[in-house]
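Residue numbers begin at 1 in each chain, while the letters A, B, ... track the order of the sequences.
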Amino acid sequence: MLYSRYFIPTVKETPSDAEVISHQLMLRAGMIRKLAAGIYNYLPMGLRSIRKFENIVREEMNKADAIEMLMPGVQPAELWQESGRWAFYGKELLRFKDRKDAEFCMGPTHEEVITDMVRREIKSYRQMPINFYQIQTKFRDEIRPRFGLMRGREFIMKDSYSFDVDSQAADKSYDKMYNAYMRIFERCGLNFRAVEADTGSIGGSSSHEFMVLADSGEDAIVSCDSCRYAANVEKAESRIVQENAAGEQATLEKTATPDKKSIADVAEFLGLATDRTIKALVCASDTDEFAMALLRGDHELNEIKLKNALGWNEIRMATEEEVQRLTGSPTGFLGPVGLKEKLLVVADLLVQNMTNAVIGANEKDMHYRNANPGRDFNPDRFVDIRNVVAGDCCSRCDEGKLEMWRGIEVGHVFKLGTKYSQAMNATYLDANGKEQIIFMGCYGIGIGRTVAAAIEQNHDENGIIFPIPIAPFHCSVVAINAKDKGVMAESEEIYLKLEKLGIEVLFDDRDERPGVKFKDNDLIGIPLRIVVGSKGLAEGKVEVKIRATGEVLSLPIEEAIATVQQMVTSALEYKE
RNA sequence: CGGUGAGUAGCGCAGCCUGGUAGCGCACCUGCCUUGGGAGCAGGGGGUCGCUGGUUCGAUUCCAGUCUCACCGACCA
């Protein structure tokens with residue numbers, strides 16, 4: 001490709017609304033441009049990277065016996081009403097009507113459509129296992145799109161759906177996809193973790209997320225420093241270490257804590273560590289059910305765990321007015337003792353063994369000292385509802401401690417069980433001619449998000465450093481002076497030779513000063529660069545520069561070509 | 001939707017407080033010059049100052065409304 005005839009609109013200045021580095025660099029490198037909030041044009045360079053990654057995904061999907069197809073972006077409401085998600089999905093589902101007033105939506109995911117197709121076409125146990133996938137544009141009307149391709153409203157996703165005769169077979173399909181995902185992200189050279197995850201609105205029994213590690217990641221994940229356990233904090237469990245209650249239970253005693261609302265303030269005021277206090281939070285469901293959560297003062301509530309424990313659809317913190325009505329007290333002084341109205345009280349497991357703790361008295365400016373569970377209050381349930389913290393003991397092995405990371409969710413695999421097949425009546429006949437419900441799994445990869453995550457993980461002050469497998473071009477040839485006929489002729493020859501070898505080359509033939517070319521080439525992240533100048537040429541040599549390391553090799557022309565070819569080939573090779 | 005901030009040339013910004021019809025840097029066009037890390041000189045093009053209404057002789061500037069965008073909270077590939 002000739003740079004002068006191609007389209008790479010780079011910019012020097014960072015657009016002011018781009019916050020994370022991948023967004024800034026994709027804009028500056030001319031890969032994407034915003035059309036509307038969370039909706040982007042993929043410019044040629046951006047598209048090339050995306051296609052590269054899509055092809056890796058495609059290869060691994062095919063290898064894992066998934067079959068490619070393509071489903072529509074626009075979907076009829078009936079299917080969603082049938083699965084129950086028309087009501088459940090909320091505003092994220094972009095809905096509209098056609099000229100006949102029939103309701104439709106932009107597909108945010110395709111469980112309904114694929115299940116509909118499968119229930120019509122798959123009739124026998126002989127047709128399974130089967131797994132369909134597509135690489136297609138999704139639309140989710142996110143409340144807050146941000147970070148460029150990281151969280152767009154319109155985005156490209158690879159989604160696949162497996163269909164099996166029973167749960168065991170479905171587990172096998174799941175494992176196959178899990179392994180394919182591992183290979184996909186390994187092939188891209190990404191530093192990632194597969195972690196246990198909450199199933200969220202997709203539903204189903206269990207799932208793993210694939211998280212690219214990056215400080216800008218929106219998810220917190222933990223992993224054990226000793227065994228293979230890793231999980232999203234939403235889901236992560238730690239081993240409960242039962243600390244033995246220290247000392248005798250003292251007498252419950254009401255004490256004034258004027259204006260001390262936060263745990264830190266109360267603890268300081270009473271001269272105690274925060275772990276001797278109990279925090280009480282009032283939560284509400286979407287149907288206005290309420291519950292009080294109790295946690296050790298230094299711990300954080302995990303809303304997902306609480307939501308799941310209560311079987312709620314949604315969870316939110318109660319408003320100040322609701323709290324006042326239920327407890328008779330303003331927030332900051334809440335506790336389980338002497339509640340005004342009957343309220344479900346859920347305590348974290350670690351509250352169980354606390355002795356002589358400080359709790360709110362449900363009265364402005366008042367707390368209790370020496371509160372003891374079992375004696376002074378009896379929670380309805382003890383459940384794990386706290387966020388694990390770094391240093392917690394691993395729940396899966398004896399010696400491990402948990403470490404915390406930030407991650408970008410680039411892939412997610414779910415065991416769906418019969419959630420959709422049951423609702424939509426997708427059945428087959430088994431060997432005995434008996435009708436059975438199909439078992440499903442679904443698997444997604446954010447294509448654009450993975451490219452953004454790769455940039456997030458691979459860049460320096462000069463720009464992007466693409467891993468070769470997903471780089472828009474493998475190599476560039478930079479002619480130092482476009483007016484120097486000898487330099488241009490030699491550059492062109494190298495360019496053509498490399499192309500003949502199957503290397504994807506960007507030939508920077510522009511009549512620009514060298515500095516401009518170097519800056520642009522660094523910014524757009526081409527992994528390898530051959531620089532052709534008149535001085536080197538006088539000795540029959542050109543330079544090979546490696547973007548990632550900054551290493552420069554001065555080599556005879558043929559050797560330079562061979563070096564580039566060898567580097568590209570070895571980078572594209574996947575070692576099992 | 002709630003909270004915060006911003007809308008002035010393609011991008012990054014100034015001007016607004018103290019009304020008088022708009023400016024800087026980059027980018028773009030022409031010419032000269034230059035060619036190993038975003039050069040220099042000269043000339044040039046480009047703006048209904050987000051939109052609507054009000055106040056005023058006169059509004060980018062003051063007032064009201066409205067739209068859009070970004071950031072902080074719940075969702076997710």
Side-chain angles (χ1 to χ4, degrees), chain A residues 9-20 23 27-28 30 33-34 36-38 57 89-93 108-110 135-160 181 197-202 207 209-212 218-219 232 234 283-284 286 303-304 307 314-317 319 407-414 442-453 462-463 478-484 487 510-523 529 531-537 542-543 545 550 552:
Chain A
T10 57
V11 284
K12 280 193 230 176
E13 269 159 316
T14 302
S16 58
D17 57 356
E19 262 214 313
V20 297
H23 187 198
L27 251 15
R28 288 192 53 211
R33 288 290 184 264
K34 185 170 76 176
V57 171
Y89 222 98
K91 286 194 175 172
E92 215 176 296
L93 188 63
T109 172
H110 283 68
I135 296 175
Q136 189 250 17
T137 299
K138 303 272 184 275
F139 194 94
R140 292 182 192 173
D141 199 358
E142 295 275 350
I143 300 166
R144 205 149 87 73
R146 57 181 150 175
F147 302 158
L149 294 197
M150 207 78 97
R151 177 183 296 280
R153 293 148 90 203
E154 185 179 292
F155 59 98
I156 303 171
M157 178 172 167
K158 187 289 300 184
D159 46 329
S160 39
Y181 275 36
D198 185 66
T199 52
S201 69
I202 303 280
S207 81
E209 289 167 336
F210 291 78
M211 295 281 191
V212 170
E218 294 187 89
D219 290 275
N232 192 308
E234 291 178 347
C283 297
D286 49 344
E303 292 189 10
I304 309 260
K307 183 176 86 171
E314 292 295 333
I315 191 165
R316 63 178 171 86
M317 297 306 287
T319 64
I408 300 165
E409 184 189 351
V410 291
H412 203 157
V413 292
F414 296 87
C442 78
Y443 319 91
I445 291 179
I447 301 289
R449 186 184 278 184
T450 304
V451 172
N462 291 317
V478 174
I480 287 295
N481 184 346
K483 292 216 167 74
D484 183 322
V487 167
R510 294 175 300 167
D511 184 13
E512 289 285 355
R513 296 165 58 84
V516 174
K517 295 188 175 190
F518 292 147
K519 287 288 186 190
D520 274 339
N521 276 271
D522 282 347
L523 177 60
R529 169 155 96 213
V531 180
V532 184
S534 53
K535 286 178 209 153
L537 233 39
V542 294
E543 273 170 24
K545 180 160 183 180
V552 178

Sugar-phosphate, base or nothing in reach of Val531(A), heavy atoms under 4.0 Å: base

Touch class at under 4.0 angstrom, heavy-atom based, for Asn481(A) against every strand present: base

Derivation and outcome, side-chain contact (heavy atoms from CB on, under 4.5 Å), residues Glu218(A) and Glu409(A): CA-CA 8 Å; Glu218(A) 294 187 89; Glu409(A) 184 189 351; over 6 Å; no

Between C1' of rC76(B) and CZ of Arg449(A), the distance in whole Å: 6 Å

Nucleotide nearest Ser16(A) when distance is taken to its side chain, options rG38(B), rC13(B), rC75(B): rC13(B)

Gap in Å between the two C1' atoms, one belonging to rG65(B) and one to rA9(B), rounded: 28 Å

Selection from rG36(B), rC71(B), rC69(B) that lies nearest to any side-chain heavy atom of Glu543(A): rG36(B)

Atom-to-atom span, CD1 of Ile480(A) to C1' of rU34(B) - whole angstrom: 14 Å

Side-chain-base donor-acceptor pair under 3.5 Å for Asp522(A) and rG37(B): yes

Side chain of Glu92(A) - closest among rA77(B), rC75(B), rG36(B): rC75(B)

Base-pairing assignment for rU61(B) (Watson-Crick or G-U wobble, both under 3.5 Å): none

Main-chain N/O of Arg140(A) paired with Arg153(A) side-chain donor or acceptor, under 3.5 Å: no

N or O in side chain of Thr450(A) less than 4.0 angstrom from rA77(B) OP1/OP2: no

G-U wobble or Watson-Crick pairing nucleotide for rC24(B) (cut-off 3.5 Å, both distances): rG12(B)

rC28(B) versus rA74(B) - spacing of their C1' atoms, nearest Å: 45 Å

Polar side-chain contact Lys545(A)-rG37(B) base: donor and acceptor under 3.5 Å: yes

Out of rC13(B), rA77(B), rC71(B), whichever nucleotide has its closest atom nearest the side chain of Arg146(A): rC71(B)

N or O in side chain of Lys34(A) less than 4.0 angstrom from rA70(B) OP1/OP2: yes

Check against side-chain contact (heavy atoms from CB on, under 4.5 Å), Cys283(A) and Met317(A): CA-CA 4 Å; Cys283(A) 297; Met317(A) 297 306 287; 3.9 Å; yes

Distance between C1' atoms of rU60(B) and rA14(B) (Å, rounded): 13 Å

Arg28(A) (side chain) donor-acceptor with Thr10(A) (main chain) under 3.5 angstrom: no

Short side-chain N/O contact to rA74(B) OP1/OP2 from Arg316(A), under 4.0 Å: no

Between CD1 on residue Ile156(A) and CD1 on residue Ile445(A), distance to nearest 0.5 Å: 13.0 Å

Nucleotide opposite rG73(B) in a Watson-Crick or G-U pair, distances under 3.5 Å: rC1(B)

Proximity to the side chain of Glu13(A) - top-ranked nucleotide from rG12(B), rC76(B), rG38(B): rG12(B)

Whole-Å gap separating P (rA77(B)) and CD (Glu142(A)): 9 Å

Side-chain ion pair, Glu142(A) and Arg151(A), N-O less than 4.0 Å: yes

Main-chain N/O of Ala479(A) paired with Lys517(A) side-chain donor or acceptor, under 3.5 Å: yes

Smallest separation among heavy atoms of Arg510(A) and Ala482(A), with atom names: O-CB, 3.6 Å

Value in whole Å for how far the P atom of rA39(B) lies from CZ of Arg510(A): 12 Å

Between rG3(B) (C1') and Met317(A) (CE): distance, integer Å: 17 Å

Touch class at under 4.0 angstrom, heavy-atom based, for Gly411(A) against every strand present: sugar-phosphate

Among rC72(B), rC75(B), rA77(B), the one nearest Phe414(A) by side-chain distance: rA77(B)

Sugar-phosphate, base or nothing in reach of Val516(A), heavy atoms under 4.0 Å: base

Strand partner of rU56(B), provided both Watson-Crick or wobble distances fall under 3.5 Å: none

Closest-nucleotide ordering on RNA chain B, the 5'-leading residue of Pro145(A) and Asp511(A): Asp511(A)

Whole-Å C1' distance, rC13(B) and rG7(B): 13 Å

Among rA77(B), rC69(B), rG38(B), the nucleotide that comes nearest once only the side chain of Lys12(A) is considered: rG38(B)

Gap between atoms CZ and P, on Arg140(A) and rC75(B) respectively (whole Å): 14 Å

Separation of rA77(B) C1' from Glu409(A) CD (nearest whole Å): 6 Å

Touch class at under 4.0 angstrom, heavy-atom based, for Asp219(A) against every strand present: base

P spacing across the pair rA27(B) / rC41(B), given as an integer number of angstrom: 12 Å

Sugar-phosphate, base or nothing in reach of Asp520(A), heavy atoms under 4.0 Å: base

side-chain contact (heavy atoms from CB on, under 4.5 Å) between Arg529(A) and Glu543(A), intermediate numbers included: CA-CA 8 Å; Arg529(A) 169 155 96 213; Glu543(A) 273 170 24; over 6 Å; no

Pairwise P distance, rC49(B) and rA59(B) [rounded to whole Å]: 11 Å

5' precedence on RNA chain B between Phe147(A) and Ser534(A) (nearest-nucleotide basis): Ser534(A)

Min side-chain heavy-atom separation Val57(A)-Ile447(A) under 4.5 Å: yes

N or O in side chain of Lys517(A) less than 4.0 angstrom from rG38(B) OP1/OP2: no

Nucleotide opposite rG7(B) in a Watson-Crick or G-U pair, distances under 3.5 Å: rC67(B)

Sugar-phosphate only, base, or nothing, as touched by Gly152(A) at under 4.0 Å among non-hydrogen atoms: base

Sugar-phosphate only, base, or nothing, as touched by Gly446(A) at under 4.0 Å among non-hydrogen atoms: base

Integer angstrom distance from the P of rG50(B) to that of rU61(B): 8 Å

Nucleotide of rU35(B), rC75(B), rG38(B) approaching Lys483(A) most closely (side-chain heavy atoms): rU35(B)

Separation of rC75(B) P from His412(A) NE2 (nearest whole Å): 13 Å

Out of rA70(B), rG38(B), rC75(B), whichever nucleotide has its closest atom nearest the side chain of Ile304(A): rC75(B)

Side chain of Glu19(A) - closest among rG38(B), rG37(B), rC72(B): rC72(B)

Separation between the P atoms of rA22(B) and rU30(B), rounded to whole Å: 28 Å

Centroid distance under 5.5 Å and plane angle under 30°, Phe155(A) vs rA77(B): yes

